[in-house]
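To keep things clear, I will list the structure first and then write my remarks on it.
Numbering starts at 1 and runs along the sequence shown.
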Amino acid sequence: MLLLITGLVINCTQEIKATVTAPSGLILRTEPNRDSGSITTLPFLSQVNLVGVGPVEEIGGLNANWNRGRYESFVGLAFGGYLTNSYVC
């Protein structure tokens, strides 16, 4: 990715990290729905590497995408309503 900042071009490989905001943790699931199997629970304030985006769903009054994420050796889907994103160059 190229960033243009006041005429300066910087090459940047973008990585998207997300932080779990649910105090009780967030379940990493096998499919993008609440009824699918649990892979693991992501602890509160843990960081997840996002690797894809799934469908939108409303859960607990929040509308958000399901996100495919990697946490330690686990890969699965987590509801994005309880994740905050940050971009790392």
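- Heavy-atom minimum distance, Y71 versus P43: OH-CD, 3.4 Å.
- Taking CG of L28 as the reference point, atom CZ of R68 lies at 9.0 Å (rounded to 0.5 Å).
- The CZ atom of R29 lies 12.0 Å from the OG1 atom of T40; values are rounded to the nearest 0.5 Å.
- With T21 contributing its side chain and Y82 its backbone, the two residues share a donor-acceptor pair below 3.5 Å.
- Across all non-hydrogen atoms, the minimal contact from L26 to A78 is CD2-CB, 3.8 Å.
- Across all non-hydrogen atoms, the minimal contact from S24 to T41 is O-CG2, 4.3 Å.
- Listed for the N33 side chain is a donor-acceptor partner under 3.5 Å among the backbone atoms of D35.
- By the criterion of side-chain heavy atoms lying less than 4.5 angstrom apart, applied directly or through intervening Ile, Leu, Val, Met, Phe, Trp or Tyr residues, I16 is not grouped with V53; the two fall into different hydrophobic clusters.
- Note that CG of N63 and CZ of F79 are 7.0 Å apart. Values are rounded to the nearest 0.5 Å.
- Taking all atoms of both residues into account, the shortest heavy-atom contact from Q47 to T19 is NE2-OG1, 2.8 Å.
- Nearest heavy-atom pair, I27 versus S38, reported as atom, atom and distance to 0.1 Å: CG2-OG, 3.4 Å.
- Both L50 and W66 sit in one connected hydrophobic cluster of ILVMFWY residues. Membership requires side-chain heavy atoms under 4.5 Å apart, directly or through other members.
- Considering every non-hydrogen atom in both A64 and G81, the closest pair reads CB-N, 3.3 Å.
- Panel note: side chain N85, backbone L83; no donor-acceptor pair is recorded below 3.5 Å.
- Note on F44: it does not cluster hydrophobically with L62, by side-chain heavy-atom contacts below 4.5 Å among ILVMFWY residues.
- Linking Ile, Leu, Val, Met, Phe, Trp and Tyr whenever their side-chain heavy atoms come within less than 4.5 Å leaves I39 and V75 in two separate clusters.
- The one candidate from L42, L45, T84 that meets the side-chain contact (heavy atoms from CB on, under 4.5 Å) condition with V20 is L42.
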